[in-house]
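One structure is given here, and the rest of the page talks about it.
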Amino acid sequence: MESKIANVIDELYSIRTEVKISRPNVKFGDYSTNIALLLSKQIGKKPVEIAEDIITKLRQDNSFLEVNLAGPGFINICVSARSLADLLQEKWSLSFGENNDGEGKKVVVEYPSQNMAKPYSIGHLRPGNQGWAVKCLMEATGWNVITDNHLGDYGAPFGMWVVGFLNFSNDESLDNDGVYELGRIYIKIKKELKLEKETGKTILADQVQDWLLKLEANDSEAIYYSRKFNKISLDHIHTIMARLNIHTDYELGEAFFAPKGKQAVQKLLAQGIAQKNDDGSVIVKLDEYGFDVPILIQKANGAALYATTDLATILYREDTWKPDRVIYAVGSEQQYYFMQLFALANKIGVQTELIHVWFGVIDQINEDGTRSKMSSRKGVVLMEDLLNTAEDRARQVTKGRNVSDEDIKKIALGAIKFSDFVADRRTDILFDWDSIFALSGFSGPYIQYAAVRVNKILSDNINHNTDYINDGYDYESEKSVLINLLDYPGVVRLAARDLEPHKIASYLYNLAKEMNRYYEQTPIATGDISNLQKTARLDLLTKVSHVFRHGLNLLGIEVPSQM
């Protein structure tokens, strides 16, 4: 449709332009465009006059049922269902919904970037979900994608682990409870360090720093503990990531980048970009970028910190992978830090586009009815517990339906993941067990059930012809479904452009609602319908099935076999 309008404009004014159409209120038509207003200055005519010229030409095309002028120059269009069906068939392929906008470009997507010092918690649910969805959107739009899990396997947590283990744990406890013992150790030592600080002592704090410096110096005992603890943590992380159905190409953590970061700091000092404070710490001033506070890139004792390793990470990726952009899936609390980090990168000449895809926190409803951030003091916080509880919920929802364990896991994961995309990622989300498992409303199981229903109809009629009907069927009953399907590629393009996966979730919800309306009004493969009608409608359902599967896949959600 856009091309037809563009051709008319070219014919009338010898101008090649991109035409964008939108969906107005249904009472005004199927589509609308403001192209006449946009071209007014270039052509030198009033928008209304341009619109009238375009309308006159479009009315000569039989596929346009109505073409009308609205307001100061808007064009409202009503098209035939038959033309929509033909257009969808013309655009249809097994990759429907995808495009090549990012062809020839490379992007690194960083997620979920867990801290190795404690078990996988709900705090990394959103980084994993949002990062994976962004990765899928980049792939769907032609980008060459590299994924990296930037592990927190260095710095103070390591020193705290060793000191905590030596003072408050033993090998037997570690062998029995693995990462959960490491988590207990981490909480215990943090509490002891806080108490020590309140008394003005630094015995444990000094030990923590000593172990960190030992690791930086490649001390054999420090390396032993580092490998021992990291293996326990990584095994746990990999297990949970597998249950979340996410993975990354690389796991280059802070320990890998710390030595490179220190080299980069020395180079910046030599170049005069960085400066050393009287206490030995190193900073880079960012006044020209509007930051009154400089960024600290090395501690006074020479130890690396986040900015040290993140600087090295940026330089390594640029030198090694040469990406066009790097996307960090990290929460909103790090916004200021990333603005400083990106300013530092710009100051030293980094050419890669750096993007912080940030998101809000996960809230829950407390017993008193108030809403607050989910935490270990208020209920489920460990990801393993969350997934187990979700699977129990999925079993309750599907009780008596003979649903397989594999499908139970898909439903449970779909419910959890979809809850992350119910709104713009920048908003805080409410984690409520009842709403995320609702079989009606804006939920993962609702969308999954809609997809399962489509697939069930297709499966029951697997031997029936589903070829596209070129002639003899008007597709009037399917018009709204056709319009929804034709919207899908544009939604994917927009979601990828804005890095907003929730747009896919909203689209799928609207498609599911439309399909429910369609079923109520139109018999698909039952009742007194002709063979032609059945064939046309089953063909449409194969397309709907593809879009449900493709869209859910972009969000990291699978379609169950049954529900």
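Everything quoted here is computed from the prediction, not taken from an experiment.
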task: Report the distance from atom CD of Glu254 to atom OG of Ser113, rounding to the nearest 0.5 Å.
output: 9.0 Å

- prompt: Which pairs count as side-chain hydrogen bond (donor to acceptor under 3.5 Å, both in side chains) when at least one residue sits in residues 435-447, sequence neighbours excluded?
  reply: Asp432-Ser435, Tyr446-Asn516

task: Using atom types as modelled and distance alone, determine if a side-chain donor or acceptor of Arg317 lies under 3.5 Å from a backbone N or O of Val326.
output: no

query: Which heavy atom of Ile411 sits nearest a heavy atom of Phe437, and at what distance?
result: O-CE2, 4.2 Å

- prompt: Do NZ/NE/NH1/NH2 and the carboxylate oxygens of Asp405 and Lys409 come within less than 4.0 Å?
  reply: no

- request: May I ask you to check if Lys4 and Phe64 form a cation-pi contact, with NZ or CZ under 6.0 angstrom from the six-membered ring centre and within 45° of the axis?
  value: yes

- prompt: With under 30° as parallel and over 60° as perpendicular, where do the rings of Tyr316 and Phe257 fit, or are they tilted in between?
  reply: perpendicular

field: Inter-residue atom distance His236.NE2 - Leu382.CG, 0.5 Å rounding
entry: 7.5 Å

query: Is the shortest heavy-atom distance from the side chain of Leu252 to the side chain of Thr313 under 4.5 Å?
result: no

Tyr328 and Phe338 aromatic ring geometry - parallel, tilted or perpendicular at 30°/60° bounds: tilted

statement: Nearest heavy-atom contact between Lys106 and Ile146 is CD-CD1, 3.8 Å

query: Does the side chain of Tyr488 pick up a donor-acceptor pair with the side chain of His550 at under 3.5 Å?
result: yes

- prompt: Can you pull the ring-ring contact (aromatic ring centres under 6.0 Å, His included) pairs that have at least one residue in residues 122-144, sequence neighbours excluded?
  reply: Trp132-His247

Derivation of the side chain to side chain contact (heavy atoms under 4.5 Å, CB included) call for Ser459 and Ile462: CA-CA 5 Å; Ser459 177; Ile462 194 169; 5.6 Å; no

task: Check whether any side-chain heavy atom of Tyr120 sits under 4.5 Å from a side-chain heavy atom of Leu244, and report yes or no.
output: yes

